[in-house]
Structures are given as C-alpha cells and as structure tokens.
*Asks:* 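One structure, pasted below without further comment.
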Amino acid sequence: EKPVKGQVTGKGKQEVTPKPAEEKERPKFDSLTLEVFNSQGIKIRTLKEKLGDDNGFGRMYWTLNEKAPRYPSRNKPMAGAPEPGGNQVLPGTYKLRLSAGGYKDSVQLVVKPDPRFNVPVGVYQSRYELLKELDGLTSISSRAADRIRESLDLVGDFEKKMETSKREDLKEALAKTKAMKDSLNVLMDFLLGKEDKRQGFAPPIAPTPVSYIGVAQMYVATSKDPVGATDERVMQHARVQIRQAIDRINAFYRKEWTPY
C-alpha cells in the first residue's frame, strides 16, 4: 500500500512530496544601450544593439568617438537608423552607462593619449576644435539639403495632382511647377553634386561645397602635428564654400520660391 501525503509509514518515517520550486521569470534582454558621457556630464554618444532570443554573453564596442552630425543627403533619414560616429574623443575621463532589461550599470573610463606619439595635449585640443567647427558646417549643409528635399517632395506632389486632374486651367501652373522642380534639382546638384551612376573606375567628379568639408576633415583629423598653414587653408576653403552655398540657397528661396 502506497503512503499518502503526510501518512506515517510502518518504519516511522513520513513521506512528504516536495512542492516544485517556483521558477522565477527571467528578465528579457532584447536590446542593449550604451551611453557615453564626458567629464561635464554631457552625453556624447549612444550605441544600441539588438540581442538574440537567448540570454547569454553579449558585447558592445565603443571606438572612442563622439556622435557625428548627420551628413547631407538627397534621401530622407531612415527612422531608427544608428547614430553616426564622429570625431575621436580627447584624452580624459568618461562615464559609460549600459542599460538592458530595466537594469543599469556604469563605469568610469580613462582615455589616455596614444603612447606611440609624443603629442602635446594642446595639439589634440586645437585639432579637436577645428573638427567641431567642421561638424557645425556639416549640420548647416544637412539642414539645407533637408529643406531642398522637402521642397522637392512638395512640388512633386503638386505636379502629380495637377497632371492627374487634366484641367486646362492648370497648364500654366503645371509648367511653373515643372520649372521649379528643375531649379530645385539644380540647387541640390550644386550642393551635393550630381548623382553618379557610373560603374567601375571613372574619373572623379567635380568638387562640391560639401566635399570641401570632407577634405578639411581628412587633413585635420589625421595629422599629429601642430595646426599649420595647410590645415588653415583647407579650413578656410570649407568655410567659404559652405557660406557661399548657403547664401545661394537662401537667395533662391527669397527670389524664386516665395513668388512661386
């Protein structure tokens, strides 16, 4: 005869069926977020990474850089696109905060100069300031490209509706709209360059105002020497080109877009 729960057997022992242990629900870590703060407490970088279905060991990498401004483009920014990486940070102390599944933890990280090069801190600082100025020119260019793209979308919508209506009284308006669309495309080509659909090796396309920013960034970011005449020259080229481009774009919107 089998004993029941709590019944004393002939051997004087009580058979007790243990209750199954309640399994705790494991937290769901579907993504990781790493935030980087400088010594002033300003957030300079945010990295996000999706995780797999299984909990386990994961890695994230910060390559000692800051967030970069969005580069000017003909295309609308993609929703949820990763944050672009930019300039290398200066030597100093940074706070890294990792968040996952409602949990947060942080650590202090000391970034030291590259020991392979005997570069004074002042050289790093002066070059960093030039790179931040170029970031500002990039942001201005990006806003200008956004404005042109939004105008193209609006004009394209007008054009489509007028063509669909087939109204005779809108022929003149349709012609003006097509002309405005062409003018906006010329303006975008001036700022960013014409779309290059060539394949394989081809001669380089003509420089554009935005391309001068890239040239200046290359010179300023790669040298370990004190800021010199070449750095100042490429910086001035970028400043002048972007200023002239913005003046031309603003003049277009005053003189042509407003009457349209």
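Only this structure's heavy atoms are used, side chains among them; waters, hydrogens and symmetry mates stay out.
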*Asks:* Do Asp157 and Lys161 sit within salt-bridge range, that is, some charged N less than 4.0 Å from a carboxylate O?
*Replies:*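 Yes, this pair counts.
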
*Asks:* Verify the cluster assignment for Tyr94 and Leu131: are they in a single hydrophobic cluster under the rule of side-chain heavy atoms below 4.5 Å apart?
*Replies:*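 No, it is not one cluster - the side chains of Tyr94 and Leu131 are not joined through contacts under 4.5 Å.
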
*Asks:* For residues Pro69 and Ser139, report the shortest heavy-atom separation together with the two atoms involved.
*Replies:*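 Taking every non-hydrogen atom into account, CB-OG, 3.3 Å.
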
*Asks:* Give the C-alpha distance, both sets of side-chain angles, the deciding distance and a yes or no for side chain to side chain contact (heavy atoms under 4.5 Å, CB included) between Leu184 and Met188.
*Replies:* CA-CA 6 Å; Leu184 287 166; Met188 187 72 90; over 6 Å; no

*Asks:* For residues Lys181 and Val155, report the shortest heavy-atom separation together with the two atoms involved.
*Replies:*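 Heavy atoms only, the tightest pair is CB-CG1, 3.8 Å.
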
*Asks:* Kindly write out the residues that satisfy side chain to side chain donor-acceptor pair (under 3.5 Å) with Gln108, not counting sequence neighbours, or none if the list is empty.
*Replies:*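 For Gln108, no residue satisfies side chain to side chain donor-acceptor pair (under 3.5 Å) once neighbours in sequence are set aside.
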
*Asks:* Which residues pass the side chain to side chain donor-acceptor pair (under 3.5 Å) test with Glu66, not counting sequence neighbours?
*Replies:*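 Counting only residues at least two positions away or on another chain, Glu66 forms a side chain to side chain donor-acceptor pair (under 3.5 Å) with Tyr128, Lys132.
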
*Asks:* Just jot down the side chain to side chain contact (heavy atoms under 4.5 Å, CB included) partners of Lys43, sequence neighbours excluded, or say none.
*Replies:*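 Partners of Lys43 under the side chain to side chain contact (heavy atoms under 4.5 Å, CB included) test: Glu35, Phe37, Thr46.
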
*Asks:* Can you name the nearest heavy-atom pair linking Glu133 to Met235, along with the distance?
*Replies:*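 Where Glu133 meets Met235 most closely, the heavy atoms are OE1-CE, 3.5 Å.
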
*Asks:* Run the side chain to side chain donor-acceptor pair (under 3.5 Å) test against Asp169 and tell me which residues pass, sequence neighbours left out.
*Replies:*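 Expected list: Arg167.
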
*Asks:* Hydrophobic cluster membership, with links at side-chain heavy-atom distances under 4.5 Å among I/L/V/M/F/W/Y: are Val240 and Leu134 in one?
*Replies:*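 In one cluster with Val240: Leu134, no.
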
*Asks:* Above 12 or not: heavy atoms from other molecules or residues under 6.0 Å from OH of Tyr61?
*Replies:*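 Atom OH in Tyr61 is not crowded, with 12 or fewer foreign heavy atoms closer than 6.0 Å.
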
*Asks:* Taking only distance into account, with no hydrogens and no angle test, what donor-acceptor pairs under 3.5 Å do side-chain atoms of residues 221-229 form with protein atoms, sequence neighbours excluded?
*Replies:*
from, atom 1, to, atom 2, distance (Å)
Thr222, OG1, Met218, O, 2.6
Ser223, OG, Arg127, NH2, 3.2
Ser223, OG, Asp225, N, 3.1

*Asks:* Ignoring hydrogens and angles, state whether a donor on the side chain of Arg233 or Gln236 is under 3.5 Å from an acceptor on the partner side chain.
*Replies:*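 Result is no, nothing qualifies.
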
*Asks:* To the nearest 0.5 Å, tell me how far Ile44 CD1 sits from Trp62 CH2.
*Replies:*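 That separation rounds to 5.0 Å.
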
*Asks:* Quick check for you: to the nearest 0.5 Å, what is the distance between Lys48 atom NZ and Met60 atom CE?
*Replies:*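 Rounded to the nearest 0.5 Å, the NZ-CE separation comes to 10.0 Å.
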
*Asks:* Can Tyr260 and Thr177 be counted as having a side-chain donor-acceptor contact under 3.5 angstrom?
*Replies:*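 The criterion, which ignores hydrogens and geometry beyond distance, is satisfied for Thr177 and Tyr260.
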
*Asks:* How many angstroms lie between atom CD1 of Ile42 and atom NZ of Lys95, to the nearest 0.5 angstrom?
*Replies:*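 The CD1 atom of Ile42 sits 13.5 Å away from the NZ atom of Lys95.
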
*Asks:* Checking Arg70 now: which residues fulfil side chain to side chain contact (heavy atoms under 4.5 Å, CB included) with it, not counting sequence neighbours?
*Replies:*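 Per chain and number, Arg70 pairs via side chain to side chain contact (heavy atoms under 4.5 Å, CB included) with Pro77, Ser142, Asp146.
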
*Asks:* Taking all non-hydrogen atoms of both residues into account, name the closest pair between Ser73 and Ala145 and its distance.
*Replies:*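 Nearest pair, atom of Ser73 first, then Ala145: O-CB, 3.8 Å.
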
*Asks:* Of all residues at least two apart in sequence or in a different chain, which pass the salt bridge (charged side-chain N to carboxylate O under 4.0 Å, His left out) check with Asp182?
*Replies:*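 If we apply the salt bridge (charged side-chain N to carboxylate O under 4.0 Å, His left out) test to Asp182, skipping adjacent residues, there are no hits.
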
*Asks:* Can you sort out the partners of Glu129 under side chain to side chain contact (heavy atoms under 4.5 Å, CB included), two or more places apart, ordered by chain and number?
*Replies:*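 In terms of side chain to side chain contact (heavy atoms under 4.5 Å, CB included), with neighbours along the sequence ignored, Glu129 is linked to Gln125.
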
*Asks:* Apply side chain to side chain contact (heavy atoms under 4.5 Å, CB included) to the pair Leu174 and Glu159, showing each step before the final yes or no.
*Replies:* CA-CA 6 Å; Leu174 180 58; Glu159 180 184 26; 3.9 Å; yes

*Asks:* Is there a path of hydrophobic side-chain contacts, each under 4.5 Å between heavy atoms of I, L, V, M, F, W or Y residues, that connects Ile242 with Phe190?
*Replies:*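 In one cluster: no.
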
*Asks:* Sequence neighbours left out, what passes salt bridge (charged side-chain N to carboxylate O under 4.0 Å, His left out) with Glu256? Give chain and number order.
*Replies:*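 None.
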
*Asks:* Kindly indicate whether the side chain of Lys104, heavy atoms from C-beta on, has any atom under 4.5 Å from the side chain of Ser99.
*Replies:*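 The answer is yes; the side chains approach within 4.5 Å.
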
*Asks:* Atom CG in Leu32, atom CG in Leu98: separation rounded to 0.5 Å?
*Replies:*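 Spacing of CG (Leu32) from CG (Leu98) equals 5.5 Å.
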
*Asks:* Working to the nearest 0.5 Å, report the span between CZ of Arg243 and CD1 of Ile140.
*Replies:*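 One finds 11.0 Å between CZ of Arg243 and CD1 of Ile140.
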
*Asks:* If I compare all heavy atoms of Ala216 with all of Ala238, which pair ends up nearest, and what's the gap?
*Replies:*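 Reported closest heavy-atom pair: CB-CB, 4.3 Å.
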
*Asks:* Test of understanding: clusters of I, L, V, M, F, W, Y form through side-chain heavy atoms closer than 4.5 Å, transitively. Do Val121 and Val111 belong to the same one?
*Replies:*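 No.
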
*Asks:* Before you tell me yes or no, could you show the steps for Ile249 and Trp257 under side chain to side chain contact (heavy atoms under 4.5 Å, CB included), namely the whole-Å CA-CA distance, both residues' side-chain angles and the distance that decides it to 0.1 Å?
*Replies:* CA-CA 10 Å; Ile249 293 169; Trp257 179 259; over 6 Å; no

*Asks:* With Asn250, which residues qualify under side chain to side chain contact (heavy atoms under 4.5 Å, CB included), at least two apart?
*Replies:*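 Counting only residues at least two positions away or on another chain, Asn250 forms a side chain to side chain contact (heavy atoms under 4.5 Å, CB included) with Arg147, Ile246, Arg254.
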
*Asks:* So does Leu64 get a backbone contact from the side chain of Arg45, meaning a donor-acceptor N/O pair under 3.5 Å?
*Replies:*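 No, because the side chain of Arg45 does not come within donor-acceptor range (under 3.5 Å) of the backbone of Leu64.
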
*Asks:* Looking only at non-hydrogen atoms, find the nearest pair between Ala144 and Leu191 and report the distance.
*Replies:*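 Heavy atoms only, the tightest pair is CB-CD2, 4.2 Å.
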
*Asks:* With clusters defined by side-chain heavy atoms of hydrophobic residues (ILVMFWY) lying less than 4.5 Å apart, directly or transitively, does Ile213 cluster with Val215?
*Replies:*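 Different clusters.
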
*Asks:* Check the pair Leu192, Thr208 against side chain to side chain contact (heavy atoms under 4.5 Å, CB included), reporting the backbone distance first and the verdict last.
*Replies:* CA-CA 6 Å; Leu192 304 180; Thr208 66; 5.8 Å; no

*Asks:* Just to verify, what does Glu163 make a salt bridge (charged side-chain N to carboxylate O under 4.0 Å, His left out) with, not counting sequence neighbours?
*Replies:*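 Once residues adjacent in sequence are excluded, the partners of Glu163 under the salt bridge (charged side-chain N to carboxylate O under 4.0 Å, His left out) criterion are Lys178.
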
*Asks:* Checking Asp114 now: which residues fulfil side chain to side chain donor-acceptor pair (under 3.5 Å) with it, not counting sequence neighbours?
*Replies:*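 Here the qualifying residues are Arg116.
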
*Asks:* Nearest 0.5 angstrom please: Tyr71 OH to Thr138 OG1, how far?
*Replies:*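 Separation between the atoms: 6.5 Å.
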
